[in-house]
Amino acid sequence: MKTYDVVVAGGGHAGIEAALAAARSGLQTALVTLKKDTIGKMSCNPAIGGLAKGHLVREIDALGGEMAKVIDTTGIHFKMLNTSKGPAVWSPRAQADRVAYMKDAQRRVNGQENLTVIAGSVSGLRNESGQVTAAMLEDGSFVPCKSLILTCGTFLNGCIHIGLNNFESGRAGEQAVKGLTGNLKDLGFETGRLKTGTPPRIHIDSIDFSVIEEQKPDVPPTPFSFSTESLADREQLSCFITYTNEHTHEQLRSGLDRSPMYNGSIKAIGPRYCPSIEDKIVRFADKDRHQIFLEPEGFENPEVYVNGFSTSLPADVQEEAIRTVPGLEKAEIIRLGYAVEYDFFPSYQLHPTLETKLVEGLYFAGQINGTSGYEEAAAQGLMAGINAAQKILGKEPVILDRSEAYIGVLIDDLINKTILEPYRMFTSRAEFRLLLRHDNADLRLLETGHSLGLIEDNAFKKMLNRKKEIETLKQFVESTSIKPDVFNGYAATVKTKAISQKTPMQQLIKRPEVKLASLLGEIDSDSSYLASTIAEVEFYKKYDGFLQRQQELVDKFKKMENTQIPQWIDYNKIQSLSTESREKLIQVRPRSIGQAARLSGIRQSDIAILMIYIEKGSRSNKSVSRETFS
């Protein structure tokens with residue numbers, strides 16, 4: 001078989017981004033997937049973005065990924081979330097037309113130069129002296145390659161549960177991936193089991209919309225991709241909200257003895273922040289109702305996703321319980337909800353590039369690393385594809401740190417935290433979130449994407465022009481003062497305090513009631529700044545003090561990150577380290593003092609000991625190599 005530079009196993013969101021990034025880097029790439037016509041299939045909720053997840057999608061786009069463009073093309077309901085709070089936690093979300101999303105993703109994959117799609121299943125790998133040389137397919141054939149990226153989703157020894165019934169499957173209707181876990185375990189990898197689930201889908205014509213609350217989309221919608229000029233003419237659909245009640249809970253409780261979660265059939269741990277409906281009624285027994293979102297799956301698709309009703313209860317219990325929910329009394333279930341258990345590989349076995357420590361040229365991305373969600377998977381896939389390409393091309397790896405991107409937070413958490421349940425991204429995980437907003441991802445990352453050859457010149461020039469315009473407006477705001485006769489009429493309309501003397505503009509816009517766009521209109525009715533430029537400058541000025549303090553924290557963080565841990569370190573020789581810290585340091589082999597300090601179970605006293613040891617060793621071991629980890 002033809003030799004490829006990069007082979008990607010799996011055609012989900014991680015696999016798509018990994019394969020496209022490698023191919024666009026000029027490398028011969030193969031995407032191996034069970035079925036060519038299911039590439040990009042949204043096996044759970046047909047939605048992209050959400051709290052913190054929307055930040056990831058914007059960052060993927062700024063680095064040259066595809067997810068934002070696909071959802072802009074196929075979205076049917078766009079919403080900016082968290083707008084009642086500060087802009088740092090605003091996040092875009094969109095429902096997709098499930099079929100259209102999958103088809104559009106396939107169009108982009110199939111039309112990509114240097115990318116070949118192979119129908120099959122990767123069941124193992126061949127390596128020589130710890131270096132990947134080929135991917136082994138289930139039929140016994142080999143695909144020679146320099147790098148192999150595994151993006152297996154929930155397919156590794158996948159097992160689906162519905163009530164007392166269970167069967168091997170990666171997702172409903174598709175076969176599980178067998179053999180690969182065993183092959184990796186033979187190479188020395190540690191593995192575990194996780195669980196996730198999905199709710200039933202019901203027919204849209206069986207819903208009584210007259211008794212439930214409508215959720216209208218944003219008009220006009222905010223695009224995900226920085227390359228999308230506008231979605232103002234986009235046709236959209238509404239979503240709807242209803243609630244469970246005590247009758248619903250009674251029906252659900254009646255089936256708990258046949259629930260695989262409670263009868264011992266499922267032993268893996270599920271996502272804490274997206275529990276099944278049966279888990280909700282047990283864990284939150286004091287709640288008399290739970291919110292249910294009814295989300296359409298397309299303009300022509302009659303299926304409606306019952307968000308908040310994830311379950312693996314028997315079919316009869318699912319049907320009886322869902323019909324107690326207002327508006328769903330005559331609900332017709334098209335597809336049952338189910339739980340799926342699958343293998344994953346704890347991600348402390350990876351370098352920050354997502355390359356494995358045990359086998360060179362082998363990368364893991366997505367749910368194989370213990371994450372949940374399309375967006376987390378796509379972000380990892382993109383970074384794995386970029387770094388596999390960089391290594392083959394003899395270039396420096398791309399490692400984003402926590403102060404640069406949510407992607408950096410995601411990968412740093414995976415490598416340094418103990419993953420006991422499927423990992424989900426939240427804004428609260430990002431300590432520098434004031435600097436990492438969804439709307440400035442292009443300013444933060446697009447230059448990196450351009451340097452990698454994944455962002456076109458015109459998009460890069462557009463970003464540079466935006467930066468220039470932002471700086472121009474900042475200077476204008478900082479150098480302009482406003483007279484009382486200009487400001488006070490406006491002040492009365494927005495109910496803010498009048499001024500008695502000429503006042504700096506940057507002082508006035510710190511007031512919550514004062515909006516920069518309208519204030520510019522008072523001064524200059526011909527103001528032609530882009531809305532995104534005005535929003536960026538307004539945020540910078542309103543939160544100036546907070547941003548300065550956060551930048552000080554970033555500087556301290558960078559200092560810790562730049563204090564590298566040399567390769568010659570032998571943790572077993574540092575007797576004063578606690579046993580738990582020593583074990584963790586040996587397991588992860590952190591690159592820097594900053595990374596070591598973030599490891600689960602590491603004491604601050606042990607960090608101080610480590611820093612002293614490194615300083616003493618640096619003075620006394622001049623002949624020892626000072627190379628640091630790659």
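Here the structure is a predicted model, which is why all the values come from computation and not from measurement. Side chains included, hydrogens not; waters and symmetry mates left out as well; all remaining heavy atoms used.
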Under the side chain to side chain contact (heavy atoms under 4.5 Å, CB included) rule, what do L530 and I534 come out as? Steps first, then yes or no, please. CA-CA 6 Å; L530 294 172; I534 295 172; over 6 Å; no

Determine the interplanar angle of the Y406 and H55 rings, folded into 0 to 90°, and report it as parallel if under 30°, tilted if 30 to 60°, perpendicular if over 60°. tilted

E561 and R591 ion-paired at < 4.0 Å: no

Check whether Y423 forms a cation-pi arrangement with K417 (NZ or CZ under 6.0 Å from the six-membered ring centre, at most 45° off the ring normal). no

Looking at F557, I'd like to know if the NZ or CZ of R402 sits under 6.0 Å from its six-membered ring centre while staying within 45 degrees of the ring's axis. no

So with a 6.0 Å cut-off around CZ of R603, is the heavy-atom count from everything else above 12? no

Show your working on side chain to side chain contact (heavy atoms under 4.5 Å, CB included) between V588 and K357 and close with a plain yes or no. CA-CA 9 Å; V588 176; K357 295 175 180 176; 4.1 Å; yes

Quick check: does any side chain N or O of R429 sit under 3.5 Å from a backbone N or O of R424, one acting as donor and the other as acceptor? yes

Please check this pair: side chain of R193 against backbone of A268, looking for a donor-acceptor N/O pair closer than 3.5 Å. no

E431/R549 ion pair, N-O < 4.0 Å: no

Suppose we call two aromatic rings close when their centres sit under 6.0 Å apart. Are F155 and Y342 close by that rule? no

Between the side chains of E536 and K474, is the shortest nitrogen-to-carboxylate-oxygen separation below 4.0 Å, so that they form an ion pair? no

Between E538 (side chain only) and L516 (backbone N and O only), is there a donor and an acceptor less than 3.5 Å apart? yes

Could you measure the distance from the CG atom of D606 to the OG atom of S581? Nearest 0.5 Å is fine. 3.5 Å

Do you know which of V8, T151, I386, L382 makes side chain to side chain contact (heavy atoms under 4.5 Å, CB included) with E17? L382

CA sep, side-chain torsions, deciding dist, call: K195, E341, salt bridge (charged side-chain N to carboxylate O under 4.0 Å, His left out): CA-CA 4 Å; K195 166 256 176 188; E341 285 185 290; over 6 Å; no

